[in-house]
Amino acid sequence: MSPRFATSSDALPLHIVEPESLDGWTGSQPDRVAAWVGASGFTGALGSALMVPGEDGAPAMALAGYGTAAQRARHRFPLAGAIPQLAPGVYRIASGMLDSPETEALGWLLSAYRFDRYKTATPADRHLVAPEGVDAGRIETLAEAEYLTRDLVNTPASDMGPEALEQAARDLAGRFGASIDVTTGDALLEQNFPMIHAVGRASVQAPRLIDIRWGDAGPKLTLVGKGVCFDTGGLNLKPGASMGLMKKDMGGAANTIGLAQMIMALGLKVQLRLLIPAVENSVSAPSFRPGDVLTSRLGKTVEINNTDAEGRLVLADALALGAEESPDLMLSMATLTGAARVAVGPDLAPFYCDDEPFVQALTEAAVGAADPVWRMPFHTPYETMIEPDIADLDNAPSGGFAGSITAALFLRRFTEGAQRYAHFDIYSWQPSAAPGRAKGGLGQGPRAILSALPKVLGL
């Protein structure tokens with residue numbers, strides 16, 4: 001399923017109407033149209049729509065309620081809320097002002113997403129001709145990458161284990177002519193990725209590190225995505241209710257794959273590297289244990305106080321590898337902590353970064369990209385919380401405080417060499433359906449990052 005704008009020459013006119021502009025609009029219409037709108041009770045409320053018949057009784061135009069500015073501020077894709085109220089067909093925007101034509105056009109495409117791998121879904125049957133003045137190709141590229149991210153997250157671990165995640169990465173590399181190298185199983189020990197191996201060795205599907213490279217000129221950009229395809233919690237077994245969404249624990253990998261696809265499809269002049277440690281945190285005889293001390297790629301030792309804090313372990317080895325090339329910018333994305341959800345809820349993508357130009361560029365870009373982010377602190381005084389008695393680092397500090405911050409501080413210990421580093425502790429899941437956002441897997445952060453890159457990297 002590829003999101004595309006319609007090209008119909010006989011699309012129905014769609015008029016965007018705010019409550020305060022309704023009287024003026026109806027006053028400019030023929031009496032029969034004004035009478036129909038008046039009799040319908042249409043007010044221009046956000047999320048409402050009205051089909052207006054012509055003299056032959058067939059639909060001649062449609063109205064979409066756009067609400068007030070205050071109401072729209074509560075929604076990411078305000079226009080998309082009206083789509084289900086429209087009759088099936090093809091539409092073109094004929095009048096009215098949109099706050100952001102690009103954002104609303106993207107929201108329309110995203111509203112057409114269906115996850116139909118296991119159950120036939122009703123296909124989207126309300127299509128839009130690209131609004132005038134927007135870059136239709138770019139918007140379609142953004143939507144296609146979001147579809148990919150959602151599909152990867154929505155697929156259960158029975159069909160999206162480390163092997164399938166590797167295949168998704170190979171498909172991506174093949175499509176854009178990128179190189180790919182995969183280190184699997186005991187070869188991880190031979191090539192010094194001991195923590196990736198330790199976390200994934202209990203699974204019937206061997207752990208692996210996926211390494212994609214694309215582009216041979218421009219700044220070096222390295223993306224690292226957490227690819228824990230299912231997280232039982234290991235020997236610190238999660239309760240059943242907490243395991244229900246663990247198919248999405250590879251959401252960091254899915255988001256970096258989506259971001260990499262956008263970068264390559266749009267031809268950004270960067271040297272892109274994508275690193276994905278792909279594992280399943282399972283329970284069997286070889287499982288790593290609470291109390292174990294693991295040695296990382298950098299030689300730093302890590303005391304395991306909870307095997308359910310495994311994501312930072314696999315990311316640490318991958319970050320250490322990425323930092324060896326001193327990239328101009330290195331980003332990690334992971335569904336890392338429940339503490340981040342407690343702090344900012346499911347809608348925001350919290351991120352950590354000490355580079356002020358990147359922070360400013362990302363924060364500004366997030367607004368236009370309809371991809372909200374929120375800065376969190378690398379609070380250095382909390383470093384002592386991740387320093388246990390018998391090892392260099394603690395993977396799960398006791399006390400229950402500042403869980404997202406201490407996880408970010410842990411990761412930062414493995415990024416020395418990178419010129420700039422930012423970490424995103426995302427949720428990658430939409431708990432309930434909203435306009436443009438179906439319930440289920442979700443991209444969080446990639447569009448904001450993409451929009452910020454030209455300014456950050458001087459592209």
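Any value given below was found using the heavy atoms of this structure, including those in side chains, with hydrogens, waters and symmetry copies removed. Throughout, residue positions are numbered sequentially from 1 according to the sequence presented.
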For Thr155, the side chain to side chain contact (heavy atoms under 4.5 Å, CB included) test, sequence neighbours excluded, returns Phe115, Arg117, Tyr118, Asp159, Met160
Checking Arg213 against Asp181 for the salt bridge (Lys or Arg N to Asp or Glu O under 4.0 Å) test, could you report, in this order, the C-alpha distance in whole Å, the side-chain angles of both residues, the deciding distance, and whether it holds? CA-CA 9 Å; Arg213 293 178 183 269; Asp181 180 70; over 6 Å; no
Enumerate the residue pairs fulfilling side-chain hydrogen bond (donor to acceptor under 3.5 Å, both in side chains) with a member in residues 236-245, sequence neighbours excluded, ordered by first and then second residue. Asn236-Thr307, Lys238-Asp308
Looking at Glu356, I want to see if its CD is surrounded by more than 12 non-hydrogen atoms of other residues, nucleotides or ligands under 6.0 Å. yes
Return the set of residues passing side chain to side chain contact (heavy atoms under 4.5 Å, CB included) with Ala143 (not counting sequence neighbours), or none when no residue passes. Pro3, Leu106, Leu109, Leu110
For Tyr66, which residues count as a ring pair (Phe, Tyr, Trp, His ring centres under 6.0 Å) partner, sequence neighbours excluded? none
So, for Phe410 and Phe414, is the gap between ring centers shorter than 6.0 Å? yes
Val373 vs Leu348, side-chain contact (heavy atoms from CB on, under 4.5 Å): CA-CA, chis, key distance, verdict: CA-CA 5 Å; Val373 300; Leu348 292 167; over 6 Å; no
Do the side chains of Met264 and Val270 get nearer than 4.5 Å, heavy atoms only? no
Those residues that, when tested against Phe176, pass ring pair (Phe, Tyr, Trp, His ring centres under 6.0 Å) (two or more places apart): none
Does one side chain, of Asp425 or Thr337, offer a donor that lies under 3.5 Å from an acceptor on the other? yes
Phe351: partners by ring pair (Phe, Tyr, Trp, His ring centres under 6.0 Å), with sequence neighbours left out: Phe424
With a 4.0 Å cut-off, would you call Glu102 and Arg138 a salt bridge? no
